[in-house]
Number of protein chains: 2
Amino acid sequence: MTESARSARDAEAVSRFVESFAAQLVEAGMQRMPARVFAALLSSDEGAMTSAELGEQLRISPAAVSGAVRYLAQQHMVSREREPGSRRERYRVHSNQWYEAVTNREAVLKRWEGALREGVTSLGADTPAGRRMAETLAFFEFVDGELAAMMERWRARREQLFGSTGSE
Amino acid sequence: MTESARSARDAEAVSRFVESFAAQLVEAGMQRMPARVFAALLSSDEGAMTSAELGEQLRISPAAVSGAVRYLAQQHMVSREREPGSRRERYRVHSNQWYEAVTNREAVLKRWEGALREGVTSLGADTPAGRRMAETLAFFEFVDGELAAMMERWRARREQLFGSTGSE
DNA sequence: CGCTCCTTTCAGAAATTTGTGAAGTTAAGG
DNA sequence: CCTTAACTTCACAAATTTCTGAAAGGAGCG
């Protein structure tokens with residue numbers, strides 16, 4: 001193994017990981033470009049890349065990067081940084097922040113709950129269908145509360161495992 | 001309100017619920033037809049419908065019903081029943097079983113964990129990127145265990161709220 | 001101010017996904 | 001066995017989504 005092969009990141013190994021992890025995310029329902037961009041950021045040593053770097057690694061246009069990053073930022077999975085004294089932007093995964101975002105399906109759950117509540121009243125709370133929906137609703141309300149508690153426990157465990165870096 | 005309007009299920013109210021709940025599921029990443037079929041089953045008094053009933057309510061072809069049901073069955077969100085002495089099939093939501101299936105992302109999590117594990121070794125456990133992935137991996141392993149415990153607590157709570165029907 | 005570098009927006013081409021009709025398959029019931 | 005009722009598969013048309021190149025926008029720097 002040559003000096004450069006030891007010190008440089010093996011671009012091909014990185015790319016293999018990026019594409020295979022992205023494929024898993026896609027299979028779980030994520031759009032392709034956001035998934036690839038996210039995987040690339042996750043596997044970068046900095047945890048951050050510029051638009052140009054992303055475009056080069058993934059072989060996609062600046063427009064595609066822009067769209068993917070907008071989506072990821074809306075989901076709070078990455079944040080945007082401005083390099084001081086430059087119009088270049090960097091996109092960053094905050095290593096703990098991102099799965100907090102993934103886990104925080106609060107908005108989704110609330111909408112489901114809303115639809116179910118309407119279903120219960122419009123079909124009648126005393127009908128079999130109404131009762132089934134009421135039970136489903138109770139389940140989601142339960143999950144709501146449990147998720148928050150679970151993330152609290154994770155933070156404690158994380159500190160125990162890796163030591164706290166607070167905001168990293 | 002006429003007699004028939006009081007006793008018959010209000011087809012339009014049912015349809016409104018079905019389409020709005022399905023829309024939420026679609027927004028969360030589910031395919032359209034499976035989402036609509038699932039919502040229709042959920043809002044039926046029996047908790048079960050035949051292929052023909054589904055086709056009529058949703059205005060879709062038998063082929064579309066077939067595809068949607070196959071998907072839902074694979075996900076263990078519905079089960080198929082054979083009406084004795086008939087070649088007609090009924091598709092049923094087991095009201096507690098289905099969200100156990102939704103919550104059971106074990107297969108998905110395991111695949112994510114596999115990809116991450118490979119990433120850690122191929123990028124090097126001693127690199128910043130490797131450490132980030134190792135932490136993410138630890139998070140998913142943690143979630144794995146938590147979900148099982150959460151569902152256990154739900155079963156207890158469910159019984160407390162609704163009384164046990166065992167297998168319904 | 002104006003130049004230049006970077007990002008975003010937009011219209012359209014290309015690829016993918018979706019749902020249908022029609023043919024094919026299976027099994028109940030005479 | 002043969003008929004017939006039901007579900008499934010398949011090829012294709014339509015609709016939708018995705019990604020790009022090109023043009024527009026905006027922020028730093030001289």
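Numbers restart at 1 for each chain; the letters A, B, ... are given by sequence-line order, proteins then strands.
In this entry the distance linking CZ of B:Arg70 with P of C:dG19 reads 13 Å, nearest Å. As rounded to whole Å, 17 Å separates atom P of C:dC6 from atom CD of A:Glu81. For the pair A:Glu27 CD and C:dT16 C1', the computed distance is 16 Å after rounding to whole Å. Atom pair B:Met49:CE and D:dC7:P shows a separation of 13 Å (rounding to whole Å applied). Rounded to an integer number of Å, the gap from A:Leu58 CG to D:dT18 P is 17 Å. Nucleotide C:dC6 holds its P atom 15 Å from the CG atom of A:Leu54, rounded to whole Å. In this structure, B:Tyr71 atom OH and C:dT17 atom C1' are separated by 14 Å, rounded to whole Å. Atom CD in B:Glu83 sits about 11 Å away from atom P in C:dG29, given to the nearest Å.
Heavy atoms from other residues, nucleotides or ligands lying under 6.0 Å from CD of B:Glu19 number more than 12. Environment of CZ in A:Arg111: crowded, with over 12 heavy atoms of neighbouring residues, nucleotides or ligands closer than 6.0 Å.
Taking 4.0 angstrom as the limit, B:Arg80 places a side-chain polar atom (N or O) nearer than this to OP1 or OP2 of D:dT8. Side-chain N/O atoms of B:Ser66 include none lying less than 4.0 angstrom from OP1 or OP2 on D:dC7.
Proximity note for B:Arg87 (side chain, C-beta onward) versus D:dG28, D:dT4, C:dT20: the nearest is D:dT4. Considering only the side chain of B:Tyr91, D:dT8 comes nearest among C:dT7, D:dT8, C:dG21. Taking every side-chain heavy atom of B:Met33 into account, C:dG19 is the closest of C:dG19, D:dG21, C:dT7. Comparing D:dA6, C:dT9, D:dT8 by their nearest atom to the side chain of B:Pro62 picks out D:dT8.
Formation of a donor-acceptor pair under 3.5 Å by the A:Ser66 side chain with backbone atoms of A:Pro62 is not found in this model. Of the possible donor and acceptor atoms, one in the side chain of A:Ser43 sits under 3.5 Å from a partner among the backbone N and O of A:Ala39. Formation of a donor-acceptor pair under 3.5 Å by the B:Arg132 side chain with backbone atoms of A:Leu42 is found in this model. A donor-acceptor contact shorter than 3.5 Å is absent between the side chain of A:Arg158 and the backbone of B:Ala138.
Note on the helix from C:dC1-D:dG30 to C:dG30-D:dC1: angle between the axes of the first and last five pairs equals 20°, rounded to 10 degrees.
When each of A:Gln31 and B:Arg88 is assigned the nucleotide of DNA chain D with its nearest heavy atom, B:Arg88 is the one assigned upstream, toward the 5' end. A residue-by-residue look at B:Arg90 and A:Arg59 shows that B:Arg90 has its nearest nucleotide of DNA chain D further toward the 5' end. Looking at which nucleotide of DNA chain C each of A:Ala63 and A:Ser86 is closest to, the 5′-most match is held by A:Ser86.
With a 4.5 Å cut-off on side-chain heavy atoms, A:Asp144 and A:Phe140 do not count as touching.
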